Amino acid sequence: MFESDIANVRDDGSAVAVAYDAKNRLLAIGLYDRGSRLRFRVLSREPCTVDGAELRGRVSGAAAKREEWFDAGTTGFRVVNGAGDRLPGVVIDRYGETAVLKLYSGAWKPWLQDLVDGCAQMAGVERVVLRLSRALAATGEIELVSGGVVSGTVLPAHSSFHENGVCFEVDPLRGQKTGFFLDQRENRARIESLVRESGARSVLNVFSYTGGFSLFAARGGASRVVSVDASRPAIDALQRNIHLNMGPGNDASMIAECEFENVCSDAFVAMRSMRESGRVFDVVIVDPPSMASRADQRDQALRAYGRLATLAARLVAPEGTLVLASCTARVRAEDFETVCVRGAERADRRLVVTARYGHAVDHPTAFDDAQYLKCLFASTATFS
Ligand code: SAH
């Protein structure tokens with residue numbers, strides 16, 4: 001419920017808020033967030049008791065579901081995805097023994113210890129790291145402890161986890177999001193299968209971060225993987241991730257045999273320069289950061305997606321595959337696809353979308369708007 005949906009507020013200082021309609025019928029029980037336009041976060045639409053036990057139970061219930069979804073090959077996953085796991089404004093990600101609790105709303109302050117306890121009680125968790133969204137950190141409502149760990153042992157100098165058997169280092173304190181883009185897990189696995197099944201040799205991974213798609217492409221059998229990211233720490237971590245997977249096990253031979261080229265550069269600049277050098281790839285993946293946090297930035301975001309599609313389409317070999325992703329919630333799937341198709345047309349390529357994917361299973365959503373991730377797999381053909 002947004003600020004504009006609420007007519008009257010009676011503040012009795014309670015940590016739980018109750019919303020009624022104009023006829024005084026119960027609408028919802030939730031949390032009242034004075035600091036956000038999203039003023040009321042729904043915890044239940046039915047009468048219920050909201051207390052520490054209930055909230056800890058919601059964390060453990062969400063964790064129990066994940067136990068069914070992941071085996072020992074995947075130790076990095078999302079345990080709580082906000083409203084999709086009945087904890088709006090709360091994200092909990094797990095990287096092996098480390099749980100990262102990230103809050104997006106100051107309304108959770110009275111319940112912080114219960115959330116931390118819920119994390120600490122998960123089997124195998126040795127420490128809980130607390131992070132705040134940028135907007136929440138700016139309010140100063142919740143203080144962070146130095147070192148970030150709010151429960152358990154200090155963070156080791158290097159943390160790592162596995163995703164479908166591939167090992168990644170992660171920085172739960174400073175890394176983007178909570179350290180890794182877990183939402184793309186299934187799409188990374190799809191890239192591995194695509195490379196293996198199509199026999200693709202060369203792969204370009206633009207906006208690579210720490211090399212998620214790159215390593216799966218290599219394990220699928222690519223002989224050359226070029227990764228581009230503007231962040232130096234991300235490229236350095238990618239370099240280390242390659243080495244982490246060259247040890248025994250892990251289908252090491254595929255990764256060890258692949259030639260990696262890791263480029264720290266602006267994506268637009270790097271793609272133009274590759275075009276000028278006449279380079280092409282069997283598979284090109286473009287997974288840029290979110291381009292619009294406000295509605296008025298949507299058109300600008302769509303133009304950027306179009307430009308990226310043009311640049312990327314020029315780098316796809318004949319019969320190759322283009323994979324284009326958008327994590328901008330403000331951009332609708334249909335509009336994204338339209339600008340991608342038109343962008344490719346400007347490169348004289350006909351884009352035929354062969355598959356449309358979203359985020360991984362551990363990112364359940366309570367409402368359609370929360371389905372932000374769009375990932376298109378497309379074949380490309382020249383117009384002739
Ligand atoms: N595909 C990645 C996630 C990509 S997130 C994965 O599977 O893990 C988006 C990435 O884009 C971030 O790593 C960020 O550093 C990078 N980035 C942002 N702006 C950029 C730019 N202009 N050029 C290149 N990289 C950029």
Side-chain angles (χ1 to χ4, degrees), residues 74 76-78 93 95 134 160-164 166-172 174-192 194-195 203-220 222 225-242 244-245 260-275 283-293 297 300-301 303-309 311-312 315 322-329 331 357-360 362-363 372-377:
T74 298
F77 50 84
R78 179 152 294 189
D93 285 344
Y95 299 108
R134 211 172 295 158
S160 62
F161 69 97
H162 283 85
E163 175 173 298
N164 289 316
V166 177
C167 188
F168 291 96
E169 71 160 49
V170 63
D171 182 347
R174 284 166 295 264
Q176 300 187 36
K177 285 208 167 185
T178 62
F180 203 70
F181 293 85
L182 298 166
D183 51 356
Q184 288 279 28
R185 180 188 316 102
E186 291 166 9
N187 295 327
R188 286 187 284 265
R190 290 179 177 117
I191 287 291
E192 176 178 2
L194 169 83
V195 169
V203 175
L204 171 63
N205 180 14
V206 188
F207 303 99
S208 65
Y209 191 46
T210 57
F213 282 106
S214 306
L215 283 159
F216 282 96
R219 200 172 68 171
V225 175
V226 179
S227 310
V228 178
D229 200 282
S231 153
R232 174 47 64 188
I235 290 290
D236 290 346
L238 159 56
Q239 194 62 48
R240 291 191 294 273
N241 284 335
I242 294 166
L244 273 180
N245 289 281
F260 291 92
E261 195 182 317
N262 307 326
V263 183
C264 185
S265 162
D266 174 73
F268 293 84
V269 172
M271 284 198 279
R272 273 189 210 107
S273 123
M274 284 187 231
R275 165 70 179 163
V283 179
V284 176
I285 304 155
V286 182
D287 180 24
S290 174
M291 303 253 197
S293 51
Q297 296 168 328
Q300 193 185 321
R303 281 195 295 278
Y305 285 129
R307 276 203 302 280
L308 286 171
L311 289 167
L315 297 172
L322 182 52
V323 175
L324 296 164
S326 159
C327 61
T328 309
V331 166
Y357 301 112
H359 29 66
D362 48 342
H363 291 59
Y372 59 92
L373 187 63
K374 303 154 278 282
C375 188
L376 306 176
F377 280 48

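What you are looking at is a predicted structure, and each value in this text was computed from that prediction instead of being measured. Counting starts at 1 for both ligands and their atoms, in listed order.
- For Ala230, a nitrogen or oxygen atom sits less than 3.5 Å from a nitrogen or oxygen atom of ligand 1, counting backbone and side chain alike.
- Close contacts of ligand 1 with Ser231, meaning ligand atoms under 4.0 Å from a residue heavy atom, involve 15 (O).
- Aromatic ring centroids of Phe180 and Phe161 lie under 6.0 Å apart.
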Step-by-step side chain to side chain donor-acceptor pair (under 3.5 Å) determination, Asn187 to Gln184: CA-CA 5 Å; Asn187 295 327; Gln184 288 279 28; 2.8 Å; yes
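- For the ligand labelled ligand 1, residue Ser208 lies inside the 4.0 Å heavy-atom shell.
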Please assess Ser208 against Ser214 for the test side chain to side chain donor-acceptor pair (under 3.5 Å), listing each intermediate value before the final yes or no. CA-CA 7 Å; Ser208 65; Ser214 306; 5.2 Å; no
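- For the side-chain contact (heavy atoms from CB on, under 4.5 Å) with Phe377, the lone residue among Ile191, Leu324, Ile285, Leu322 that qualifies is Ile191.
- Asn241 contributes a side-chain N or O that, together with a main-chain N or O of Glu169, makes up a donor-acceptor pair within less than 3.5 Å.
- In summary, the atoms of ligand 1 found under 4.0 Å from a heavy atom of Pro289, numbered by their order in the structure, are 9 (C), 11 (O), 18 (C), 19 (N).
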Would you check, one step at a time, whether the test salt bridge (Lys or Arg N to Asp or Glu O under 4.0 Å) holds for Asp183 with Arg78? CA-CA 8 Å; Asp183 51 356; Arg78 179 152 294 189; over 6 Å; no
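- Checked against a 3.5 angstrom limit, the closest N/O atoms of Ala267 and ligand 1 fall inside it.
- Nearest protein neighbour of atom 5 (S) of ligand 1, counting heavy atoms only, is Phe181 CZ, 3.4 Å.
- Near Phe213, meaning under 4.0 Å from any of its heavy atoms, are these atoms of ligand 1: 1 (N), 7 (O).
- Atoms of ligand 1 found under 4.0 Å from any heavy atom of Asp287, numbered from 1 in the order shown, are 1 (N), 2 (C), 3 (C), 4 (C), 9 (C).
- The closest non-hydrogen atom to atom 8 (O) of ligand 1, taken over Met291, Arg188, Gln184, comes from Arg188.
- Heavy atoms from other residues, nucleotides or ligands lying under 6.0 Å from CZ of Arg240 number more than 12.
- Counting the atoms of ligand 1 from 1 in the order shown, those under 4.0 Å from a heavy atom of Ser265 are 23 (N), 24 (C).
- Some N or O of Asp266 is nearer than 3.5 Å to an N or O of ligand 1, by distance alone.
- Counting protein heavy atoms only, atom 17 (N) of ligand 1 is closest to Phe207 CD2, 3.7 Å.
- Within the set Asp229, Asn205, Ile191, Leu182, the minimum heavy-atom distance to atom 16 (C) of ligand 1 is found for Asp229.
- More than 12 heavy atoms of other residues, nucleotides or ligands shown are found within 6.0 angstrom of CD on Glu261.
- Salt bridge status for Asp362 with Arg185: present, with a side-chain N to carboxylate O gap under 4.0 Å.
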